[in-house]
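Take a look at the structure below.
Both backbone and side-chain heavy atoms feed into the values below; hydrogens, waters and symmetry mates do not. Each residue takes its place number in the sequence, starting with 1. Because the structure is a prediction, the values reported are computed rather than measured.
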Amino acid sequence: MEPRTLKALSNAWLHNKLLHIAWHGLPCIEQVASVHRAAEHHGATLEQVHETLEYWWGLLLEPKERKAGLAFLSQRTEHTS
């Protein structure tokens, strides 16, 4: 069995249990729009907390983990800024 890597999982079909519980598997268009509106400020928020994250991550994480965490957050905000 091959290891479950992020790259392998990115192409896999995953079941979102929370989505299923909250909206029976499919949110309506108004709920999707609400999530998009809420995410509009994620980029600005990341900029505000970046230094604090770097400080704490520097104390708690290895360099490879810090890089992965920042890449993850940056990717999540690049389409919302």
Side-chain angles (χ1 to χ4, degrees):
M1 178 178 211
E2 91 178 54
R4 301 294 285 193
T5 63
L6 183 58
K7 187 173 182 176
L9 288 174
S10 67
N11 295 321
W13 182 86
L14 301 174
H15 177 74
N16 186 324
K17 187 69 171 176
L18 180 59
L19 178 66
H20 181 75
I21 291 169
W23 296 303
H24 305 291
L26 188 63
C28 69
I29 193 71
E30 291 85 12
Q31 291 163 325
V32 172
S34 177
V35 169
H36 283 281
R37 281 192 304 276
E40 288 176 354
H41 304 289
H42 288 178
T45 302
L46 180 58
E47 287 179 23
Q48 290 175 346
V49 301
H50 185 267
E51 283 186 33
T52 302
L53 285 175
E54 285 286 337
Y55 171 77
W56 285 106
W57 287 359
L59 296 174
L60 301 170
L61 303 174
E62 298 296 324
K64 184 177 178 181
E65 295 167 329
R66 291 194 306 266
K67 184 178 177 182
L70 184 57
F72 172 79
L73 292 177
S74 296
Q75 181 181 8
R76 300 279 297 187
T77 61
E78 70 185 24
H79 299 291
T80 61
S81 302

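Atom CG of L70 is separated from atom CD of E54 by 6.0 Å, given to the nearest 0.5 angstrom. Taken to the nearest 0.5 Å, the NE2 atom of H42 stands 13.5 Å off from the OG atom of S74.
Summarising the local packing, CG of L59 is surrounded by more than 12 heavy atoms from other residues, nucleotides or ligands at distances under 6.0 Å.
Taking every heavy atom of both residues into account, L61 and R66 meet most closely at O-NH1, 2.9 Å. The two residues E65 and E62 have their closest heavy-atom pair at OE1-N, 2.8 Å.
The cluster map of Ile, Leu, Val, Met, Phe, Trp and Tyr, joined by side-chain heavy atoms under 4.5 Å apart, puts L73 and L60 in the same cluster.
Using a 4.5 Å heavy-atom cutoff, the side chains of L46 and L53 are in contact.
With hydrogens and angles ignored, the 3.5 Å screen pairs a side-chain donor or acceptor of Q31 with a backbone N or O of C28.
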